[in-house]
Amino acid sequence: QVQLVESGGGLVQAGGSLRLSCAASGRTFSNYAMGWFRQAPGKEREFVAGISTSGFRTYGADSVKGRFTISRDNAKNTVYLQMNSLKPEDTAVYYCAARLFGISVTKPTDFTSWGQGTQVTVSS
């Protein structure tokens, strides 16, 4: 399994931006499709954005389209989530996840490795 460590969370005002990073180790990163999920208190974990192994294909939840961008740097074994125009409803713990290959996967059960999560809090 690949090991994942997220960073970049924090407290930001509504309308602000944050960039989350997820560093991978332990396996060939470029063989893994990556995803970002989030989980707010009392809610189920939900898909945010995904990216193919090469980075050529990205896809995201309707709630974040036009605001969040997922990208990856396979040379640095890192995937990113650029979050702009943040809203209070984006407040959650954000997790990155990995699965070997795969395209357009969006369910938590589709992924086999998870990071520990990073808190994002958006104040109004």
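Residues: numbered from 1 along the sequence shown.
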Could you walk me through whether Thr91 and Val120 pass the side chain to side chain contact (heavy atoms under 4.5 Å, CB included) test, one step at a time? CA-CA 5 Å; Thr91 295; Val120 171; 5.9 Å; no
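- Within the 4.5 Å cutoff, side-chain heavy atoms of Leu18 are placed close to those of Leu86.
- For Arg99 (side chain) and Asp110 (main-chain N/O), a donor-acceptor pair under 3.5 Å exists by modelled atom type.
- In this structure, Val2 and Ala24 approach most closely via the heavy-atom pair CG2-CB, 3.7 Å.
- Taking the ring axis of Tyr32 as reference, the NZ or CZ atom of Arg72 does not stay both within 45° of it and closer than 6.0 Å to the ring centre.
- Considering every non-hydrogen atom in both Met34 and Cys22, the closest pair reads CE-SG, 4.4 Å.
- With no hydrogens or angles considered, a side-chain donor-acceptor pair links Tyr94 and Arg38 at under 3.5 Å.
- Side chain of Gln82 to main chain of Thr69: no donor-acceptor pair is present (N/O by atom type, distance under 3.5 Å, no hydrogens or angles).
- Here Tyr59 contributes atom OH and Ser104 contributes atom OG; the two are 5.5 Å apart, rounded to the nearest 0.5 Å.
- Taking 4.0 Å as the cut-off between side-chain N and carboxylate O, Asp90 and Lys87 do not count as a salt-bridged pair.
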Before giving the answer on side chain to side chain contact (heavy atoms under 4.5 Å, CB included), spell out for Asn84 and Phe68 the whole-Å C-alpha distance, their side-chain angles and the decisive distance to 0.1 Å. CA-CA 6 Å; Asn84 298 328; Phe68 292 10; over 6 Å; no
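- Closest of all the heavy-atom pairs between Ser30 and Asn74 is CB-ND2, 3.6 Å.
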Carefully, step by step, assess Leu20 and Met83 under the rule side chain to side chain contact (heavy atoms under 4.5 Å, CB included). CA-CA 8 Å; Leu20 305 183; Met83 305 186 296; 3.8 Å; yes
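- Formation of a donor-acceptor pair under 3.5 Å by the Arg67 side chain with backbone atoms of Ser63 is found in this model.
- With hydrogens and angles left out, the side-chain atoms of Ser113 and Arg27 include no donor and acceptor closer than 3.5 Å.
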Show, in sequence, the C-alpha distance, side-chain angles and deciding distance for Phe111 and Tyr95, and conclude whether the ring pair (Phe, Tyr, Trp, His ring centres under 6.0 Å) test is met. CA-CA 11 Å; Phe111 292 82; Tyr95 299 89; over 10 Å; no
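- Here the closest heavy-atom approach between residue Thr106 and residue Phe47 is recorded as O-CB, 3.3 Å.
- A donor-acceptor pair under 3.5 Å is absent between the side-chain atoms of Thr121 and the main chain of Leu11, judged by distance alone.
- Nearest heavy-atom pair across Ser124 and Ala14 is CA-CB, 4.4 Å.
- Taking all atoms of both residues into account, the shortest heavy-atom contact from Gln1 to Gln3 is O-NE2, 3.0 Å.
- No side-chain N or O of Thr78 forms a donor-acceptor pair with one of Asp73 less than 3.5 Å apart.
- A 4.5 Å side-chain heavy-atom check between Val79 and Ile70 finds at least one atom pair inside the cut-off.
- Crowding of Gln116 atom CD: a count of heavy atoms from other residues, nucleotides or ligands under 6.0 Å exceeding 12.
- Going from atom CZ of Arg57 over to atom CD1 of Ile51 covers 11.5 Å, rounded to the nearest 0.5 Å.
- Ring centroids of Phe37 and Trp114 are separated by less than 6.0 Å, placing the two rings close together.
- Taking the centre and axis of the six-membered ring of Tyr80, the NZ or CZ atom of Arg19 falls inside the cone set by 45° and 6.0 Å.
- Side-chain atoms of Ser54 come within 3.5 Å of backbone atoms of Phe56 as a donor-acceptor pair (strictly under, hydrogens ignored).
- Using modelled atom types, no side-chain atom of Glu6 and backbone atom of Thr118 make a donor-acceptor pair closer than 3.5 Å.
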